Amino acid sequence: MSSTSKQEYMDQAEEAILHTYQRFPVVLDRGEGVYLYDTDGKKYLDFAAGIAVCGLGYHYPGFDEALKAQTEKLLHVSNLFYHVPAVHAAQKLKKVSGMDRVFFTNSGTEAIEGAIKLARKYAYLKDGKNDHEIIAMNHSFHGRSMGALSVTGNEKYQKPFRPMIGGVVFADFNDLDSVKAKINEKTCAIIMETIQGEGGIYPASETFLKDVRKLCDAHDILLILDEIQCGMGRTGAMFCWQNYGVKPDIMTVAKALGGGVPVGAFLCTEKAAAMGAGDHGTTYGGNPFVCAAADKVLDIFEQDHILEHVREVGAYLDARLEELSAQYDCITAHRGMGLMQGLELNIAPQTVINRALQQGLILISAGTNVLRFVPPLIITNDHVDEMIEKLKRCFSANLG
Ligand SMILES: *Cc1c(COP(=O)(O)O)cnc(C)c1O
């Protein structure tokens, strides 16, 4: 395909699609393994995975076949009926999380909406009041719909869309005193990402998460952990909180759950399962097609020992990025766990990302000054080396 037609596609997209993204000048066409190809046939090593979605990369053995088999049976039925793929996917999610109940959604933001509603209902059942507060974290990200945006501690994302939903207060992540200061008799839940993703790859400290759990237990407050980005094996545990030895009352999952098929979920313990018939719903959520995808993803995780692989290659990525940060002055910090890593820079991440694209490497940023590494979970040490070599060329160019 010629470059003129690529430009034409880009122009047509800008004319037809609401301009809410500053897109890279690349028209992606197909994927294979951990590589993407654009319409000019240029090959890219993918260290973004569709923003932590394509955990199994592209065309993982057996995945396409499972999707195809389900399309030939049934794509959709309403939630007024039972169907087998939802049963299988829900049972497997329960097993890997140790949670008791699952509600399937179409996206991460909808999983957050459900989690917020569940926390409000739990508190309402206790005291019959309608004044309950949720404590959320500064620099968090939970999604773009109004409820999720209301618990997203980012002035830029909220400002044009106010008023937000009521009853949300913000505390500082990894600062227990700041959380304590916001607790009162109205507090029904504390919501946080186990690793802040969009905010710049900040993992919760072990003491903070454990202390917040104790605080929640002492005051009968529900702990909601957002695992949408850091969950599904990315840190070497199925869910990141499993690394800490704490358990949430409600958790959210999405992104990598469907291996590229849009499916999310919120899960809760029996204690927090405060919703009954009529309290919540979704037309598409958890339909047979998306549940077949989630079911297959969870099968592959187990059969092919994806978590063990992530622990190995994640340690290697961590070591190589640590080595890199010692070599370049433009890298001011290195944070992360497993295959969710970030390099904080004192130069614009965009400059590096654009150079990386030219080198055939896809990277994304987080926050204002962080280069984010969220590759498919199936990358190998060789892919890490390939990425590091390309990245070095981007930094060298910058240093002249
Ligand atoms: C991406 C993300 C969301 C929102 O998910 P969508 O599917 O884009 O609605 C929520 N929380 C976290 C931590 C995320 O990374």
Side-chain angles (χ1 to χ4, degrees), residues 18 20-21 23 48-55 103-119 134 136-154 156-158 161 164-165 168 170 173-174 189-204 209 223-235 237-241 243 248 250-267 282 284-286 290 293-294 297 335-342 364-367 370 372-375 377:
L18 192 65
T20 58
Y21 281 94
R23 292 180 216 275
I51 317 194
V53 167
C54 305
F103 183 102
F104 288 111
T105 66
N106 306 295
S107 64
T109 203
E110 286 166 85
I112 297 289
E113 297 294 328
I116 292 171
K117 281 183 69 177
L118 188 55
I134 295 171
M137 299 297 139
N138 289 314
H139 306 296
S140 60
F141 182 83
H142 298 291
R144 304 296 198 144
S145 54
M146 287 309 293
L149 187 59
S150 299
V151 292
T152 288
N154 184 319
K156 193 181 96 189
Y157 290 166
Q158 282 196 356
F161 305 105
M164 296 287 112
I165 67 164
V168 177
F170 286 91
F173 191 58
N174 282 339
I190 299 177
I191 182 168
M192 67 173 88
E193 298 149 271
T194 319
I195 301 178
Q196 289 194 333
E198 300 293 326
I201 317 291
Y202 289 94
L209 198 53
L223 176 60
I224 306 172
L225 290 180
D226 181 346
E227 289 268 335
I228 290 169
Q229 189 164 155
C230 62
M232 288 306 292
R234 187 149 289 283
T235 65
M238 186 54 100
F239 298 107
C240 186
W241 54 262
N243 295 307
I250 303 172
M251 61 168 280
T252 55
V253 56
K255 286 197 166 84
L257 176 59
V261 171
V263 53
F266 64 93
L267 286 78
T282 166
Y284 287 139
V290 303
V297 166
R335 294 184 292 269
M337 287 169 78
L339 291 179
M340 182 168 181
Q341 300 274 339
I364 50 176
S365 62
V370 174
R372 170 165 39 166
F373 303 81
V374 284
L377 307 181

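Whatever order the structure lists them in is the order used to number ligands and atoms, beginning at 1. As the structure is a prediction and not an experimental result, all values here were calculated from the model.
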K.L.:
For ligand 1, find out whether one of its N or O atoms is nearer than 3.5 Å to an N or O atom of T109.
P.N.:
yes

K.L.:
Output all residues satisfying ring pair (Phe, Tyr, Trp, His ring centres under 6.0 Å) with Y202, sequence neighbours left out; order by chain, then residue number.
P.N.:
none

K.L.:
What is the minimum heavy-atom distance between S365 and R372, and which atoms define it?
P.N.:
O-NH2, 2.9 Å

K.L.:
Has F170 got more than 12 heavy atoms of other residues, nucleotides or ligands less than 6.0 Å from its CZ?
P.N.:
yes

K.L.:
Compare I195, T252, T194, D226 and give the one whose heavy atom is closest to atom 11 (N) of ligand 1.
P.N.:
D226

K.L.:
Counting only heavy atoms, which portion of H142 has something under 4.0 Å from ligand 1: side chain, backbone, both, or neither?
P.N.:
backbone

K.L.:
Among protein heavy atoms, which sits nearest to atom 1 (C) of ligand 1, and what does the distance come to when rounded to 0.1 Å?
P.N.:
K255 NZ, 1.5 Å

K.L.:
Answer yes or no: does an N/O atom from E110 fall short of 3.5 Å to an N/O atom of ligand 1?
P.N.:
no

K.L.:
Below 4.0 angstrom from a heavy atom of S107, which ligand 1 atoms are there? Numbered from 1 as shown, please.
P.N.:
7 (O), 9 (O)

K.L.:
Given S140 and Q196, is the side chain to side chain contact (heavy atoms under 4.5 Å, CB included) satisfied, shown in steps?
P.N.:
CA-CA 6 Å; S140 60; Q196 289 194 333; 4.0 Å; yes

K.L.:
Listed by chain and number, what are the ring pair (Phe, Tyr, Trp, His ring centres under 6.0 Å) partners of F161, not counting sequence neighbours?
P.N.:
none

K.L.:
Mind running side chain to side chain contact (heavy atoms under 4.5 Å, CB included) on F173 and N138 for me, showing each step along the way?
P.N.:
CA-CA 6 Å; F173 191 58; N138 289 314; over 6 Å; no

K.L.:
Can you list the atoms of ligand 1 that are under 4.0 Å from a heavy atom of E193?
P.N.:
13 (C)

K.L.:
Strictly inside 4.0 angstrom of atom 8 (O) of ligand 1, do you find any protein heavy atom?
P.N.:
no

K.L.:
Among I51, I364, L339, which residue meets the side-chain contact (heavy atoms from CB on, under 4.5 Å) test with V374?
P.N.:
I364

K.L.:
I want to know if ligand 1 touches G108 in the polar sense, i.e. an N/O pair below 3.5 angstrom.
P.N.:
yes

